[in-house]
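Take a look at the structure below.
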Amino acid sequence: MEYNIPRGTYDILPEASPARQALYARFLRLAEAFGYHEITTPVFEQAALFERSSGESSDVVQKEMYRFNDRKGRVFALRPEGTAPVVRSYLENRLDLKGENKLCYWGPMFRYDRPQAGRYRQFYQYGIEFIGSDHPYWDAEVISFLWVFFQSLGLKELRLELNSVGCPDCAATYETALRDYYRPHLDQLCPDCLKRFELKPRRLLDCKVPSCKAFAKDAPSQLDYLDQSCAEHFEQVKAFLNLMNVPFTINPGIVRGLDYYTNTAFELIYEGIGAQNSLAGGGRYNGLIEQMGGKSTPAIGFAGGIERLLLALEAEGISLADSPGPDLYVIAMGVEARDFIVHLINELRAGGISVVYDPEKTSFKAQLKAANSSRARFAAIIGEDELAAGQVMLKNLETGQQQAVKADALLQFLG
RNA sequence: GUGGAUGUAGUUCAAUGGCAGAGCACCGGAUUGUGGUUCCGGGCGUUGGGGGUUCGACUCCCCUCAUCCACCCCA
């Protein structure tokens, strides 16, 4: 083989396609039920869109973005996430004026990262964005969308974790407090945590090194550093979630990776698919739209990973769709029978019947065997007798029963 | 980006440095018009790729590519 697939990518083979299609259909159906409409943006955008929105210091921008120049030197990037493009489109197309503020999407994202179970360089995400209100009801509705979606798929081992990272003011005072707490212990932290201390002090809390974990226990919590309105907002989100019967656990360690998040942050955790156990995550981003040049507009959304969801479904033995066999397998004995049925096959197909026929299989046995393994519902057998009578012998491959059917009545019979 | 494991037929896996094999799957056949079971037969490998050591390399060494696991990060 001279060529092979790029690292961290994968082919969606025919056998895997039905499950994904089913997932997509279910997502869209639920999105519609919640009043969301699908939006599809390009897979590449100006690199600056992501650099500014996600934050220059974020890992996504620093080392995971596929950046390239086009022939005129413009700098683009394969999208590493879906929110910024959706917001860009929302502003550019003035969807605010059309009241189009519940948007959902589905498509490939790209991050140059080391591949691992549940982590790819081209991966697929689905998500929703609610734009235009800071009311806590919408936080709860977005979260409940996620919850209902997973419940409807039948997944059991789910954990919804909730946190509030506050507004930029709360976040700043909290990070100061956090640094004050850790500063005396800097010499006892792991090297990674020393970097975290400088760049992302919140990440100190979920370090997995035992010695660091000990400090995390007594570290200050963001929840104690929320100002009046942020605290109230959080309380109301929780209250709405309770009213919606969405179970959640508070985890002050939930940190969103991208800079634009404010207040509500949440993550859906699934144990049992490896280290990459976050099936979906999201939160509020009240500052993003203004930062991107729109007028100050609050918003909230989430994104989930298809690959991880499929892994979770597999882990629980849930199959959404198996590829069905064709409706009909045509068995023709001899060239005259063949010439008789080739046109009939097209008519049936045009009528929406899926038909399999293989002219290279000539022996009766081979054809019937193939009919069986194709999992077709029926086999249509045409030999000399049938040809003379202008009919086919229609055999139910499950029961073995067969009956003669007029050729021109076949479409009606099968349809 | 860091560390570790692995790479042999379509697939799951064997093979002390000495002729590359098995199950499953696939294809064909068992007196030419009735499938799934059974029986018989069949093909397949540049042992991921490249280089080195050796009389001889799937086996040992180096490089490379890929996958998996963990870190990191996240969906």
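Proteins get letters first, then strands, A, B, ... in listed order; numbering begins at 1 in each. Because the structure is predicted, anything quoted here is derived from the model rather than measured. Excluded from the calculations below are hydrogen atoms, water molecules and symmetry mates; all remaining heavy atoms, backbone and side chain alike, are included.
- Contact annotation: A:Lys208 side-chain N/O to B:C72 OP1/OP2 distance is under 4.0 Å.
- Of the candidate nucleotides B:U34, B:G35, B:G29, B:U34 has the atom lying nearest to any side-chain atom of A:Ile381.
- Among the atoms of the strands shown, none is found under 4.0 Å from any heavy atom of A:Tyr126.
- At the heavy-atom level, A:Gln367 lies nowhere under 4.0 Å from the strands shown.
- Among the heavy atoms of the strands lying under 4.0 Å from A:Leu279 are primed sugar atoms or P, OP1, OP2 only; no base atom is included.
- Using a 4.0 Å heavy-atom criterion, one finds that A:Gln402 contacts the bases of the nucleic acid, with or without backbone contacts as well.
- Remark: P of B:A75 and CZ of A:Phe110 are 16 Å apart, rounded to the nearest angstrom.
- Atom NZ in A:Lys63 sits roughly 10 Å away from atom P in B:U2 (whole-Å rounding).
- One can place CZ of A:Arg20 at 13 Å from C1' of B:A75, the figure rounded to the nearest angstrom.
- Nucleotide B:C71: paired with B:G1 (Watson-Crick or G-U wobble, both distances less than 3.5 Å).
- Between B:C55 and B:G17, the two C1' atoms lie 12 Å apart (nearest whole Å).
- Positionally, the nearest nucleotide of RNA chain B for A:Tyr112 lies more toward the 5' end than for the other of A:Thr9 and A:Tyr112.
- A:Tyr126 has its ring centre less than 6.0 Å from the ring centre of A:Phe149.
- Residue contacts shown for A:Ala280 are limited to sugar-phosphate atoms, with no base heavy atom under 4.0 Å away.
- For A:Gln276 and B:C68, the CD to C1' distance is 13 Å, given to the nearest whole Å.
- The partner of B:G21 is B:C13, judged by Watson-Crick or G-U wobble contacts that both fall below 3.5 Å.
- Looking only at atom types and distance, the side chain of A:Glu267 has a donor-acceptor partner in the side chain of A:Ser278 under 3.5 Å away.
- For the C1' atoms, the distance linking B:G21 with B:C63 amounts to 30 Å, nearest Å.
- Base pairing of B:U6: its partner is B:A66, meeting the Watson-Crick or G-U wobble criterion (both donor-acceptor distances under 3.5 Å).
- Distance check on atom P: B:C60 versus B:C68 gives 24 Å, rounded to whole Å.
- Comparing B:C27 with B:U8, their P atoms are spaced 24 Å from each other, to the whole Å.
- Between the side chain of A:Arg114 and the base of B:U2, a donor-acceptor pair under 3.5 Å is found.
- Within the shown strands, nothing qualifies as a pairing partner of B:U31 under the Watson-Crick or G-U definition with both distances less than 3.5 Å.
- Nucleotide B:U53 forms no Watson-Crick or G-U wobble pair with any nucleotide shown, as no partner meets the under 3.5 Å limit on both distances.
- Distance A:Glu15 CD to B:G10 P: 16 Å, rounded to the nearest Å.
- Taking atom C1' on both nucleotides, B:G4 is separated from B:A75 by 25 Å, rounded to a whole Å.
- One N or O donor and one acceptor, one from the side chain of A:Arg119 and one from the base of B:C73, sit under 3.5 Å apart.
- Both cation-pi conditions hold for A:Arg121 and A:Tyr112: the charged atom is under 6.0 angstrom from the six-membered ring centre and inside a 45 degree cone around its axis.
- Across all strands shown, A:Gly383 has heavy atoms under 4.0 Å from base atoms, whether or not it also approaches the sugar-phosphate.
- For A:Ala303, taking side-chain heavy atoms from C-beta onward, the closest of the listed nucleotides B:C73, B:U34, B:A75 is B:A75.
- Candidate nucleotides B:C73, B:U34, B:A66 were compared by shortest atom distance to the side chain of A:Arg7, and B:A66 ranks first.
- Ring-plane geometry between A:Tyr174 and A:Tyr225 is classed as tilted, the angle between the planes lying from 30 to 60 degrees on a 0 to 90 degree scale.
- Comparing B:C24 with B:U67, their P atoms sit 31 Å apart, to the nearest whole Å.
- Between the base of B:G1 and the side chain of A:Glu64 there is no donor-acceptor pair shorter than 3.5 Å.
- Nucleic acid contact class of A:Gly8 (heavy atoms, under 4.0 Å, all strands): sugar-phosphate only.
- If you check the side chains of A:Glu64 and A:Tyr66, you find no donor sitting under 3.5 Å from an acceptor.
- With distances taken from any side-chain atom of A:Met333 to the nucleotides B:U34, B:G33, B:A75, the minimum falls on B:G33.
- Checking A:Glu267 against A:Ala275, the closest nucleotide of RNA chain B that is more toward the 5' end is the one next to A:Ala275.
- At the heavy-atom level, A:Arg196 lies under 4.0 Å from the strands shown only through sugar-phosphate atoms.
- Remark: the separation of the C1' atoms in B:G23 and B:C19 is 23 Å, to the nearest Å.
- Note on A:Leu309: nothing from the nucleic acid sits closer than 4.0 angstrom, heavy atoms only.
- A:Lys361 places its NZ atom 11 Å from the P atom of B:C26, with the value rounded to the nearest Å.
- Looking at heavy-atom distances under 4.0 Å, A:Gln401 makes no contact with the nucleic acid at all.
- Among the candidates A:Arg79, A:Arg88, A:Glu92, the single residue satisfying the side-chain hydrogen bond (donor to acceptor under 3.5 Å, both in side chains) test with A:Thr41 is A:Arg79.
- The A:Glu386 side chain lies nearest to B:G33 when the options are B:G35, B:G33, B:C72.
- Of all nucleotides listed (B:G36, B:U34, B:G33), B:G33 comes nearest to the side chain of A:Glu384.
- Ring geometry for A:Tyr10 versus A:Tyr120: interplanar angle of 30 to 60°, hence tilted.
- Nucleotide B:C58 is matched to nothing when pairs are restricted to Watson-Crick or G-U wobble geometry with both distances under 3.5 angstrom.
- The aromatic rings of A:Phe240 and A:Tyr137 sit perpendicular to each other, their planes meeting at more than 60°, with 30° as the lower class boundary.
- Straight-line distance from the NZ atom of A:Lys365 to the C1' atom of B:C40: 13 Å, rounded to whole Å.
- Rounded to a whole Å, the OH atom of A:Tyr329 is 14 Å from the P atom of B:G36.
- Between A:Asn163 and A:Asn251, the shortest heavy-atom distance links the atoms CB-O, 3.2 Å.
- At the heavy-atom level, A:Gly400 lies under 4.0 Å from base atoms of the strands shown.
- For the C1' atom pair drawn from B:C69 and B:C58, the interatomic distance equals 24 Å after rounding to whole Å.
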